[in-house]
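So the structure is just underneath, and the comments pick up after that.
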Amino acid sequence: ADSNKRTVYDELENTIVELANKLNLKHQTLLTRGFHVLPDFHGNRSPLARPDMTGMISGLTLSTDLQHLAVLYLATIQALAYSSRHILDKLVENGYEIDFVFMCGGLVHNKLYVQAHADVLNKNVLINNEEEAVLMGSCLLATIAAGHTHCIQDAMRKFTSVRCCEA
């Protein structure tokens, strides 16, 4: 991946697209039909609060080629998205309204991860245009403390912008 100035993630995502096309699949998500990941390898914090839970991978073979690694990668991303869905479903079940999801951190650079969340959650995913979103959050709180803005929503409207990944 490095020799082509591409990341390992770019290589995996390209392999997923190529494999889906080679198999004439309507959508790349169909690559994981017989492959499932339960991502609770370190327990479940939310919404079940079960730190003793364990993860699982079903559908593994002895294959070590790039295509199988790419399918495992895709299945893991899907599993994380469905875990997020489980959390959102519990929030809605308890009276919260969720109109969109705001994502920050290094994973916002992973298009497949972001799009999988938008698709599984059936929500638009908003991503801050600021590279250092956590630092920006601290600055926004400082504007409130200094009296330059009245609330976090006011500070966000004045000083931030977002891009949207549609569901």
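Heads up: numbering here begins at 1 and tracks the sequence.
Transitive grouping of hydrophobic side chains (ILVMFWY, heavy atoms separated by less than 4.5 Å) brings Met136 and Met156 into a common cluster. Follow the hydrophobic side-chain contacts under 4.5 Å out from Leu112 and you reach Leu19 in the same cluster. Both Val125 and Val108 belong to a single network of hydrophobic side chains, linked directly or stepwise wherever heavy atoms of I, L, V, M, F, W or Y lie under 4.5 Å apart. Under the 4.5 Å side-chain contact rule for hydrophobic residues, Leu135 and Ile144 do not share a cluster. Both Phe159 and Ile152 sit in one connected hydrophobic cluster of ILVMFWY residues. Membership requires side-chain heavy atoms under 4.5 Å apart, directly or through other members.
Here Ser161 contributes atom OG and Asn129 contributes atom CG; the two are 3.5 Å apart, rounded to the nearest 0.5 Å. To the nearest 0.5 Å, atoms NZ (Lys123) and SG (Cys165) are separated by 14.5 Å. Distance CD/Glu13 to OG1/Thr7: 7.0 Å, rounded to 0.5 Å. With values rounded to the nearest 0.5 angstrom, Asp40 atom CG is found 5.5 Å from Ser83 atom OG. The line from CZ of Arg157 to CG of Leu140 is 11.5 Å long, rounded to the nearest 0.5 Å. Atom-to-atom distance recorded for Asn122:CG and Ile98:CD1 is 13.0 Å, nearest 0.5 angstrom.
Within the 4.5 Å cutoff, side-chain heavy atoms of Arg6 are placed close to those of Asn14. Proximity of Val17 to Gln28: side-chain heavy atoms (C-beta onward) are separated by under 4.5 Å at one or more points. By the 4.5 Å heavy-atom criterion applied to side chains, Ser84 and Leu121 are counted as neighbours. At least one side-chain heavy atom of Leu88 sits under 4.5 Å from a side-chain heavy atom of Val101.
Between the side chain of His36 and the main chain of Arg33, a donor-acceptor pair closer than 3.5 Å is present. Looking at Arg50, its side chain never comes within 3.5 Å of a backbone N or O of Pro47 through a donor-acceptor pair. The closest donor-acceptor contact from the side chain of Gln115 to the backbone of Glu166 lies under 3.5 Å. The main-chain N or O of Met53 is never found under 3.5 Å from a side-chain atom of Asn44 such that the two would form a donor-acceptor pair.
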Please determine whether side-chain contact (heavy atoms from CB on, under 4.5 Å) holds for the pair His109 and Glu131, giving the CA-CA distance in whole Å, both sets of side-chain angles, and the decisive distance to 0.1 Å. CA-CA 10 Å; His109 301 292; Glu131 278 291 315; 3.4 Å; yes

Could you go step by step and tell me if Leu66 and Leu12 meet the side-chain contact (heavy atoms from CB on, under 4.5 Å) rule? CA-CA 8 Å; Leu66 180 59; Leu12 288 167; 4.0 Å; yes

Take Phe35 and Leu60, measure what side-chain contact (heavy atoms from CB on, under 4.5 Å) needs, and give me the verdict at the end. CA-CA 7 Å; Phe35 206 94; Leu60 283 176; 3.7 Å; yes

Would you sort out whether Tyr9 and Tyr113 count as a side-chain contact (heavy atoms from CB on, under 4.5 Å), showing the intermediate values? CA-CA 10 Å; Tyr9 308 106; Tyr113 181 86; over 6 Å; no

Could you walk me through whether Gln67 and Thr15 pass side chain to side chain donor-acceptor pair (under 3.5 Å), step by step? CA-CA 6 Å; Gln67 289 77 20; Thr15 301; 5.8 Å; no

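Summarising the geometry of Leu80 relative to Pro39, their closest heavy-atom pair is CD2-CB, 3.9 Å, with the distance given to 0.1 Å. Of all the heavy atoms in Ala116 and Ile77, the pair that sits closest is CB-CG2, 3.6 Å. The nearest pair of heavy atoms linking Thr143 to Thr149 is OG1-OG1, 2.9 Å. The minimum heavy-atom distance between Cys104 and Ala133, with the atom names listed, is CB-CB, 3.8 Å. Scanning both residues, Val120 and Ala81, for their nearest heavy atoms gives CG1-O, 3.7 Å.
Paired with Ile127 under the rule side chain to side chain contact (heavy atoms under 4.5 Å, CB included), one option of Val162, Leu107, Val114 passes, and it is Val114.
For the residue pair Asn128/Thr160, the side-chain donor-acceptor check at 3.5 Å is not satisfied. A side-chain N or O of Ser63 and one of His68 form a donor-acceptor pair less than 3.5 Å apart. At a cut-off of 3.5 Å, with distance as the only test, no side-chain donor of His86 or Asp89 sits close to an acceptor on the other residue. Thr32 and Gln78 share a side-chain donor-acceptor pair at under 3.5 Å.
The environment of Phe41 atom CZ is dense: over 12 non-hydrogen atoms of other residues, nucleotides or ligands sit within 6.0 angstrom.
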